[in-house]
Amino acid sequence: MASAQPLNLRDLDPLPTLLQRVRNELSAAFVPQRPIRISRAPGRLDVMGGIADYTGALVCEATLDRAAGVALQARDDREVQVFSFNLFDEHQPFTLRISLDALARSSIEQLRREFAEPGRRWAAYLVGCLAILHEQKLLDLANPSLRGVNLALYSTVPLGAGVSSSAAIEVATMINLLDHYGVQRSEQPAPGAVDPMRLAALCQQVENRVVGAPCGIMDQVTSCYGHAGQLLRLVCQPHELQPPLELPAGIRVLGINSNVRHSVGGGMYGRTRCAAFMGHKMILEKMRQMGTEAGREMISDPMRGYLANLELEDYKKYFRQFLPEEIRGLDFLEQYGPTEDTVTVVDPDQTYYVLGATDHHVFESRRIRNFVEFLEQAVRTTPHTAERSVLLDKAGHLMYASHVAYREDARLGAEECDLLVDLVRKHEKAGLYGAKITGGGSGGTVAVLANQTEKADAAIAEILAEYEKKTGRHPEAFMGTSPGAWHVGTVVVGD
């Protein structure tokens, strides 16, 4: 099925370039007279929330005008052939071929190992979508009547910039496969259909289980269902959408890529995530002790499985003092056993910084809620007034506080991102209100809350020039926005 087209999908970046390159460079695989189905999904800018998604926090995300495009054409056999026009794994893996029969026979664990080999990991984002659809019984890849496909990828979402290049690829691929194979899509949950949240969850399964990156779900939800010019609000428990957050008139969010490569699969991200779940389990054990001492037996988790549900005041008063600054994995396992996290495992030989990780998540949850409140109040005030400026300053300073917590508590900072944030602070009089490192941290992109004026544009240009002069790295600004994949669907084009 193809959704009604509020926009001309064929003209959205990067689809014109993708179609041209398919015709010019892949004519041996893509039959010229046969229709091609195209799809696109944007990258996302993490404005507030970041890594707090996996502990159940509210997150606020924006869609970029940078996107991944996927072209799909049916084959006459049962082969799947995947092409990439992008640079992955430090070289150009141009094609990968696998049969539907091999996918049907292979477990997710087997595919994960197979795609972990050099030069093949990039293909896991696309082929993994077929594997997950088969596992979830939305497609029967073992059905001999099912035909294979050619898939061609071209993305303008920069890799390693912390703006969800992987989620964009997964979402663009997944929605294309669903529509090509006739799997029903529905705005609301319905038997046998895929709604936006389920589509995002399927893509998260690809990322977590086939690719092997321990991400939360906010990236996939934003790329799928975000609206241009608004912030997607998601309570990650596991994925409860709230109405989009409107930005005040004349206010925008933008990103500055530090050009320091970031990876969710990196070691510190996984250790910090694991440490947060360790903190959750330690707090839960303390709650049980307190209940026993009071003569009550605690059966369920008062936090309902999410650290974000712990009130900040209770955390500071009752639990924070009992958390260790650091603990060896072996010592934790002997005292508490494994955590409840499904995508990280406690390493007995590793040291985990439990207090800092837990601090970040509990405090961040409050910062995000306050950030939303200030922006909502700013929307209701008159533009160009002192009252609105104060509210925007408060929202911006919460972004600054989040940035510091990324560095000091979550240990996911980067010196280059610190420099960008400091440069934003120096240009506050130009209408720049706040900035923070985004997503998984350790490099990547800085989000900025700013006026939409020529004066602010000039300040951004100065920041880019000064950053490059001081670091020798070439930054880039992400200034545009575009709709999520669900809102434009897919379209079939002829030659």
Side-chain angles (χ1 to χ4, degrees), residues 1-3 37 39 41 53-54 68 70 72 74 78-80 82 98-116 121 123-149 151 164 166-225 234 236-241 341-343 484-486 489-490:
M1 106 190 189
S3 297
R37 185 181 293 273
S39 58
D53 62 341
Y54 58 71
V70 171
L72 180 153
R78 285 179 47 77
E79 295 295 303
V80 176
V82 186
I98 190 170
S99 71
L100 293 178
D101 294 311
L103 283 173
R105 290 193 304 266
S106 301
S107 68
I108 297 297
E109 291 71 24
Q110 288 172 325
L111 290 173
R112 179 172 173 172
R113 290 193 296 270
E114 181 177 344
F115 285 118
R121 190 169 185 264
Y125 297 106
L126 295 95
V127 178
C129 292
L130 280 166
I132 292 297
L133 287 172
H134 177 72
E135 183 196 58
Q136 297 297 311
K137 303 187 186 309
L138 290 165
L139 280 183
D140 181 9
L141 300 186
N143 182 349
S145 66
L146 201 70
R147 300 294 93 186
V149 291
L151 295 168
S164 298
S166 57
I169 295 170
E170 293 152 2
V171 172
T173 304
M174 189 69 76
I175 197 169
N176 206 325
L177 290 170
L178 291 173
D179 286 2
H180 170 72
Y181 284 113
V183 180
Q184 182 183 0
R185 289 198 284 119
S186 171
E187 192 72 25
Q188 301 297 327
V194 175
D195 61 86
M197 296 303 98
R198 189 178 184 190
L199 191 153
L202 291 169
C203 293
Q204 184 194 18
Q205 289 290 305
V206 174
E207 184 100 7
N208 290 168
R209 300 175 56 213
V210 184
V211 179
C215 72
I217 197 172
M218 72 177 186
D219 300 351
Q220 289 81 7
V221 173
T222 306
S223 186
C224 175
Y225 208 59
L234 180 73
C236 303
Q237 300 191 20
H239 37 77
E240 301 170 10
L241 268 179
D341 191 15
T342 58
V343 296
W486 189 272
T490 70

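Throughout, residue positions are numbered sequentially from 1 according to the sequence presented. Atoms considered below: every heavy atom in the structure, side chains included; atoms not considered: hydrogens, waters and symmetry mates. Just so you know, these numbers come straight off a predicted model, no measurement behind them.
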Open item on the list: Check D101 with R78, please: is the shortest side-chain N to carboxylate O separation under 4.0 Å?
Closed with: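 A salt bridge is present here (some side-chain N lies under 4.0 Å from a carboxylate O).
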Open item on the list: Can you confirm whether E187 is buried at CD, in the sense that more than 12 heavy atoms of other residues, nucleotides or ligands lie under 6.0 Å from that atom?
Closed with: yes
- [ ] Dump the intermediate steps for side-chain contact (heavy atoms from CB on, under 4.5 Å) on H134 and D140, then the final yes or no.
- [x] CA-CA 6 Å; H134 177 72; D140 181 9; 3.8 Å; yes
Closest non-hydrogen atom pair, [X] against [Y]:
X	Y	answer
I98	A102	CG1-CB, 4.0 Å
A167	D219	CB-CB, 3.7 Å
I175	S39	CG2-CB, 3.9 Å
S186	Q188	OG-O, 2.6 Å
Q237	E240	O-OE2, 3.0 Å
A41	A172	CB-N, 3.6 Å

Task: Matching residue for L177 among I132, V183, L72 - test: side-chain contact (heavy atoms from CB on, under 4.5 Å) - done: L72
What is the distance from atom [atom1] of [X] to atom [atom2] of [Y], rounded to the nearest 0.5 Å?
X	Y	atom1	atom2	result
R185	R198	CZ	CZ	14.0 Å
I169	C129	CD1	SG	10.0 Å
S99	L141	OG	CG	9.5 Å
E135	L103	CD	CG	12.5 Å
S106	R112	OG	CZ	15.0 Å
Y125	M174	OH	CE	14.0 Å

Task: Short side-chain to backbone donor-acceptor contact, Q136 and L133, under 3.5 Å - done: no
Task: D195 side chain to A190 backbone, donor-acceptor under 3.5 Å - done: no
TODO: Evaluate the criterion side-chain contact (heavy atoms from CB on, under 4.5 Å) for residue pair L139 and L178; output intermediate values, then yes/no.
DONE: CA-CA 9 Å; L139 280 183; L178 291 173; over 6 Å; no
Is any side-chain heavy atom of [X] closer than 4.5 Å to a side-chain heavy atom of [Y]?
X	Y	answer
L138	L202	yes
Y181	L130	yes
E109	E114	no
R37	D179	yes
I217	Y54	no
F115	R121	no

- [ ] Kindly determine whether V80 and V82 satisfy side-chain contact (heavy atoms from CB on, under 4.5 Å), including the steps that lead there.
- [x] CA-CA 7 Å; V80 176; V82 186; 4.0 Å; yes
- [ ] Verify side-chain contact (heavy atoms from CB on, under 4.5 Å) between V221 and W486, making sure each step is shown before the conclusion.
- [x] CA-CA 10 Å; V221 173; W486 189 272; over 6 Å; no
